[in-house]
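Report on one structure; see the data block that follows.
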Protein chains: 2
Amino acid sequence: MELDRLDRDIIAALVEDARATYAEIGHDVGLSASAVKRRVDRLRETGAITGFSARVAPRALGWNTEAYVELFCQGKTKPSDIALAMARYPEVVAAATITGEADALLHIRATDVRHVERVIERIAAETFVVRTKSSIVLSRLVDLPTGAVASDPRNGSPVGG
Amino acid sequence: MELDRLDRDIIAALVEDARATYAEIGHDVGLSASAVKRRVDRLRETGAITGFSARVAPRALGWNTEAYVELFCQGKTKPSDIALAMARYPEVVAAATITGEADALLHIRATDVRHVERVIERIAAETFVVRTKSSIVLSRLVDLPTGAVASDPRNGSPVGG
DNA sequence: ATTGAAACTTGCACTAC
DNA sequence: GTAGTGCAAGTTTCAAT
């Protein structure tokens with residue numbers, strides 16, 4: 001699906017504030033509220049916008065510690081095996097298979113270092129896991145919502161930048 | 001600040017759908033719309049909720065490739081130096097200092113592998129960077145919005161789990 | 001918790017390219 | 001035909017009770 005300037009501007013507005021009214025967005029991008037709504041509906045139908053979410057301060061909910069864990073798996077492990085197993089851990093907030101020595105990289109949120117340790121212990125006990133290599137996050141320096149940059153004229157668009 | 005059961009339920013509802021009406025949320029958590037609004041206002045004031053954001057499919061915007069990059073820095077590099085430098089790259093969507101051999105881990109979104117390469121080249125040229133070690137993401141297996149788990153009774157809360 | 005005024009959403013008729 | 005505007009009915013917000 002093709003996104004024009006207006007679509008990108010609307011997405012940018014909604015990434016910045018998902019509760020903005022259609023009239024507000026319309027004012028920003030130069031469209032009527034009705035026109036904005038029609039485009040937002042279309043963007044959701046086509047899957048460009050997958051939903052709307054509150055941004056939460058992990059600390060406020062007690063998630064005080066995060067870690068990245070490299071996973072080294074047995075030779076015939078399939079990505080779907082890893083996906084299925086990791087989906088069972090609420091502490092695993094992101095996971096991806098990657099190039100390089102490790103097979104996958106996990107992003108873990110936990111209450112404290114002890115909690116991280118317990119989770120890694122359980123993950124390391126998964127049948128397909130050979131070993132793990134973990135790094136505790138000391139301080140978060142950057143954390144942008146996905147798409148924050150997409151059509152912010154201050155930053156480059158993926159095509160233009 | 002202390003969050004009770006209701007606060008956590010409200011946050012969970014807003015993480016799932018940030019555009020839900022107060023009446024809908026109230027129905028879910030067993031509160032009147034007004035009561036929900038008062039709590040949401042308070043949650044924003046106290047910083048537990050930092051905003052509302054559209055969830056976007058990176059692909060739809062042309063961000064087809066992601067990578068993780070470990071940064072090895074000169075001995076006297078401060079986290080704030082890294083933060084300042086990385087904030088200038090729209091492609092760096094997350095960055096954190098970590099324990100282990102590397103000093104920091106970056107999460108990069110780009111249009112394609114060539115784009116990733118160009119960005120890493122520029123980052124590697126930063127004065128404080130000694131070397132980098134990168135992994136391209138092959139496939140994303142898990143990607144939860146922050147707080148998705150916080151008060152979903154199917155998962156553990158950070159305290160209870 | 002209820003109420004009422006102001007604002008928002010959303011379908012529809014209409015217009016322009 | 002595709003995409004925008006304006007309007008009106010039904011909801012939602014939000015402050016005051």
Side-chain angles (χ1 to χ4, degrees), chain A residues 1-57 60-61 145-148 150-153 157-160, chain B residues 1-62 145-148 150-152:
Chain A
M1 181 220 176
E2 198 61 17
L3 299 184
D4 65 12
R5 196 57 218 300
L6 255 12
D7 289 321
R8 289 174 180 277
D9 288 351
I10 289 170
I11 289 172
L14 283 171
V15 166
E16 205 180 302
D17 179 9
R19 284 182 80 88
T21 66
Y22 294 123
E24 277 165 1
I25 299 167
H27 179 262
D28 288 356
V29 308
L31 233 46
S32 72
S34 309
V36 172
K37 180 191 184 308
R38 222 172 326 129
R39 279 175 180 258
V40 172
D41 287 346
R42 189 164 52 82
L43 288 168
R44 300 194 62 172
E45 270 166 26
T46 58
I49 293 175
T50 60
F52 303 98
S53 204
R55 283 194 299 269
V56 169
L61 292 167
T146 303
S151 44
D152 186 339
S157 84
V159 181
Chain B
M1 180 218 176
E2 198 61 19
L3 299 185
D4 66 12
R5 208 2 165 27
L6 256 12
D7 289 321
R8 289 173 180 276
D9 288 351
I10 289 169
I11 289 171
L14 283 170
V15 166
E16 205 179 302
D17 179 10
R19 283 184 80 89
T21 65
Y22 294 124
E24 277 164 2
I25 299 167
H27 178 263
D28 288 357
V29 308
L31 232 47
S32 72
S34 312
V36 172
K37 181 190 184 306
R38 230 173 318 121
R39 280 176 182 256
V40 172
D41 287 346
R42 189 166 51 81
L43 288 168
R44 300 195 63 173
E45 270 167 27
T46 59
I49 293 175
T50 59
F52 303 97
S53 205
R55 282 194 299 270
V56 169
R59 292 291 172 82
L61 292 167
T146 303
S151 44
D152 185 339

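Below, read A as the first sequence line, B as the second, and so on, with proteins coming before strands; counting in each chain starts at 1.
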Rounded to whole Å, CG of A/L6 lies from C1' of D/dA3 at a distance of 10 Å

Across all chains, not counting sequence neighbours, the side chain to side chain donor-acceptor pair (under 3.5 Å) partners of B/D28 are none

Distance col, row A/H27:NE2 vs A/I25:CD1, nearest 0.5 angstrom, shows 13.0 Å

Distance col, row A/L6:CG vs A/R8:CZ, nearest 0.5 angstrom, shows 12.0 Å

CG of A/D4 to CD1 of A/I10, rounded to nearest 0.5 Å, is 8.0 Å

Taken to the nearest 0.5 Å, the spacing of A/S34 OG from A/Y22 OH works out to 11.0 Å

Chain B vs DNA chain C, heavy-atom contacts under 4.0 Å, first-to-last nucleotide span, 5' to 3', is C/dA1 to C/dT9

dist A/R42:CZ -> A/L3:CG (nearest 0.5 Å) comes out at 8.0 Å

Nucleotide by nucleotide, nucleotides 5-17 of chain D touches protein heavy atoms under 4.0 Å in the pattern (B base, S sugar-phosphate only, - none) BBB----SSSB--

- Message: Closer than 4.0 angstrom, basic N to acidic O: yes or no for B/D9 and B/R39?
- Response: no

Value for OG1 (A/T46) from CG (A/D41), rounded to nearest 0.5 Å, stands at 10.5 Å

